[in-house]
*Asks:* 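Structure in structure tokens, see below.
These numbers come from a predicted model, not from an experiment. If you read the sequence from its start, that first residue is 1, and numbering goes on from there.
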Amino acid sequence: MKGVVLAAFAASILAGCATTIGFPQGIPSDGYTELVSTPLGPFRYFRSLSIVPGRKDLPALESFHCTNTQHEILLLMAAGSPVDVADTCMRIDAAAKFSESWIEAKANRYRILLAPTDTAATIQSRALGSFSGGKTLALAASIHDDRGRTVANLVDLVAHETFHALGHATRHPQALDERIAYYAGICAQLQVNGVVREDSLPGAAIGTDDAAVQLSSQAAYRVRLETYPLLADGRIQMNEKSGERMLQRCNQLRRGLTRSR
């Protein structure tokens, strides 16, 4: 789930679709993330909160600092997790750079919690500082048995939330546009992973009493309907016709963001 506005102090809650700081109803299995950006004169308060639902408790974690990346990235995961750390670092870094190509701003830092399947996990960050400076994005994602699903969700999540975060850092007029943010995730999947699978498209509308969750899920479903016709044999593939058509749409959206500044 990804995006909404909280009126107090002109704050914006993004990616979690909650009208309050508490967790909304109807959190999808891939998780819930919200960003809060509150202008305070020349400064701003920034908070990121990310959770994945599950029935199991989170085990003890190990930390890994990514090397040879343009961004400061810290990975947190259980010992023995089936994760290629170097490859994961590369994909997170690339997803962040992708969103920076849509909205130029000082780079964010990343603290990524990778939780085993069906394990409940929560991570958050808070900061008060200069308005446009890069902030730490704390994001949680699940490690699935299907590695393709894991990397698709992770790249999508990083690109989507980075789009929102950079939009707020630059006061971009479309920082809250959920449709564009969902496309940022899909376009990053294609650019970084080389493929967008049908099962990694945004999901269907969610039945919930939380109006913001409904709005975000409706945006996700709209993007799914718009993108679905591009699939060929269940995927959009780089260097194939499906990928070329998707890239045209991605480039059109990027140009639109530049014009709206």
Side-chain angles (χ1 to χ4, degrees), residues 2 15 30 66-71 73 75 82-105 107-108 110 112 114 137 139 141-167 174 177-204 219-260:
K2 298 138 182 154
D30 278 336
C66 292
T67 58
N68 302 316
T69 56
Q70 292 186 15
H71 301 84
I73 304 169
L75 299 181
V83 173
D84 183 327
V85 172
D87 180 76
T88 300
C89 291
M90 179 275 293
R91 292 179 194 273
I92 293 170
D93 194 48
K97 287 188 289 186
F98 177 86
S99 288
E100 290 164 3
S101 73
W102 282 27
I103 298 181
E104 294 184 7
N108 294 288
Y110 297 86
I112 311 290
L114 299 174
L137 283 180
L139 303 173
S142 293
I143 302 171
H144 300 285
D145 293 336
D146 181 345
R147 180 177 176 276
R149 181 182 175 188
T150 298
V151 299
N153 180 57
L154 183 58
V155 167
D156 190 287
L157 177 66
V158 171
H160 185 123
E161 304 308 338
T162 297
F163 170 84
H164 282 315
L166 297 178
Q174 291 179 288
D177 193 311
E178 276 297 278
R179 176 177 175 270
I180 297 178
Y182 277 114
Y183 268 113
I186 295 174
C187 294
Q189 286 187 57
L190 182 62
Q191 187 71 44
V192 176
N193 298 335
V195 64
V196 180
R197 306 189 321 188
E198 181 179 346
D199 61 5
S200 65
L201 293 177
Y221 189 48
R222 175 186 174 187
V223 172
R224 184 181 186 87
L225 292 178
E226 292 173 350
T227 308
Y228 194 84
L230 301 181
L231 293 170
D233 297 324
R235 60 183 54 208
I236 299 170
Q237 188 76 45
M238 185 68 86
N239 299 323
E240 294 186 2
K241 185 175 181 180
S242 59
E244 293 173 0
R245 294 169 65 191
M246 188 72 233
L247 285 176
Q248 289 177 357
R249 185 172 301 178
C250 296
N251 290 332
Q252 182 180 30
L253 288 166
R254 179 178 54 79
R255 289 192 296 268
L257 289 168
T258 301
R259 289 194 298 268
S260 66

*Asks:* Go through Cys66 and Ile92 one step at a time and tell me if the side-chain contact (heavy atoms from CB on, under 4.5 Å) criterion holds.
*Replies:* CA-CA 10 Å; Cys66 292; Ile92 293 170; 5.6 Å; no
*Asks:* Main chain of His144, side chain of Ser142: is a donor-acceptor contact present, judged purely on distance under 3.5 Å?
*Replies:* no
*Asks:* Where is the tightest heavy-atom contact between Ala141 and Asn153, given as atom of each residue plus distance?
*Replies:*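 Heavy atoms only, the tightest pair is CB-ND2, 3.9 Å.
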*Asks:* side-chain contact (heavy atoms from CB on, under 4.5 Å) for Asn251 and Leu253? Distances and angles first, verdict last.
*Replies:* CA-CA 5 Å; Asn251 290 332; Leu253 288 166; over 6 Å; no
*Asks:* So if I apply the side-chain contact (heavy atoms from CB on, under 4.5 Å) rule between Gln189 and each of Val151, Val195, Asp156, which one comes out positive?
*Replies:* Asp156
*Asks:* Would you call Leu166 and Glu100 a side-chain contact if the rule is heavy atoms closer than 4.5 Å?
*Replies:* yes
*Asks:* Side-chain contact test, heavy atoms from C-beta onward, threshold under 4.5 Å: evaluate it for Ile180 versus Trp102 and give yes or no.
*Replies:* yes
*Asks:* Kindly give the heavy-atom pair with the smallest separation between Leu75 and Cys89, and that separation in Å.
*Replies:*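 Closest approach of Leu75 to Cys89: CD1-SG, 3.8 Å.
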*Asks:* Taking atom CD as the centre, does Glu198 end up with more than 12 heavy-atom neighbours from other residues, nucleotides or ligands that are less than 6.0 angstrom away?
*Replies:*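 For Glu198, atom CD is crowded (more than 12 foreign heavy atoms under 6.0 Å).
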*Asks:* How about Phe163 and Leu257: do any of their side-chain heavy atoms sit closer than 4.5 Å?
*Replies:* yes
*Asks:* Quick check against the 3.5 Å criterion: does Thr162 have a side-chain atom that pairs as donor or acceptor with the backbone of Val158?
*Replies:* yes
*Asks:* Between Asp30 and Arg149, is there a salt bridge with N-O shorter than 4.0 Å?
*Replies:* yes
*Asks:* Atom NE2 in His164, atom CD1 in Ile103: separation rounded to 0.5 Å?
*Replies:* 9.5 Å
*Asks:* Write down the atom of Ala95, the atom of Val155, and the distance for their closest heavy-atom approach.
*Replies:* CB-O, 3.7 Å
*Asks:* Among Leu231, Val196, Ile186, find the one that has a side-chain contact (heavy atoms from CB on, under 4.5 Å) with Met246.
*Replies:*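 Considering Leu231, Val196, Ile186, a side-chain contact (heavy atoms from CB on, under 4.5 Å) with Met246 is found only for Ile186.
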*Asks:* Which pair of non-hydrogen atoms, one from Val223 and one from Pro202, has the smallest distance, and what is that distance?
*Replies:*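 Residues Val223 and Pro202, closest heavy atoms: CG1-CG, 4.0 Å.
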*Asks:* Salt-bridge test for Arg197 and Asp199: reply yes if a basic N is under 4.0 Å from a carboxylate O, no otherwise.
*Replies:* yes
*Asks:* Determine whether Glu161 and Leu139 make a side-chain contact, defined as any pair of heavy atoms from C-beta on separated by less than 4.5 Å.
*Replies:* yes
*Asks:* Donor-acceptor pair, Ser99 side chain versus Ala96 backbone, under 3.5 Å?
*Replies:*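 No; zero donor-acceptor contacts below 3.5 Å.
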*Asks:* Mind running salt bridge (charged side-chain N to carboxylate O under 4.0 Å, His left out) on Asp84 and Arg91 for me, showing each step along the way?
*Replies:* CA-CA 11 Å; Asp84 183 327; Arg91 292 179 194 273; over 6 Å; no
*Asks:* If I take atom CZ from residue Arg249 and atom CD from residue Glu244, how far apart are they, to the nearest 0.5 angstrom?
*Replies:* 14.5 Å
*Asks:* Between Ile112 and Leu154, does a side-chain contact (heavy atoms from CB on, under 4.5 Å) hold up when you go through it step by step?
*Replies:* CA-CA 9 Å; Ile112 311 290; Leu154 183 58; 3.9 Å; yes
*Asks:* Hey, does Cys187 have a side-chain heavy atom less than 4.5 Å from the side chain of Phe98?
*Replies:*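 With C-beta onward as the side chain, the pair touches.
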*Asks:* Once you round to the nearest 0.5 Å, how far does OG1 of Thr227 lie from CD1 of Ile236?
*Replies:* 6.0 Å
*Asks:* Report the distance from atom OH of Tyr110 to atom NE2 of His71, rounding to the nearest 0.5 Å.
*Replies:*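 Taking OH in Tyr110 and NE2 in His71, the distance rounds to 5.0 Å.
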*Asks:* Without swapping roles, check the side chain of Asp93 against the backbone of Gln70 for a donor-acceptor pair under 3.5 Å.
*Replies:*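 Yes, Asp93 side chain to Gln70 backbone: donor-acceptor pair under 3.5 Å.
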*Asks:* I would like to know whether Glu226 and Arg222 meet side-chain contact (heavy atoms from CB on, under 4.5 Å); could you show each step before the answer?
*Replies:* CA-CA 6 Å; Glu226 292 173 350; Arg222 175 186 174 187; 2.9 Å; yes
*Asks:* Taking Glu240 first and then Arg235, would you say they form a salt bridge - that is, a charged N and a carboxylate O separated by under 4.0 Å?
*Replies:* no
*Asks:* Considering non-hydrogen atoms only, spot the tightest contact between Ala159 and Gly185 and give its length.
*Replies:* CB-CA, 4.1 Å
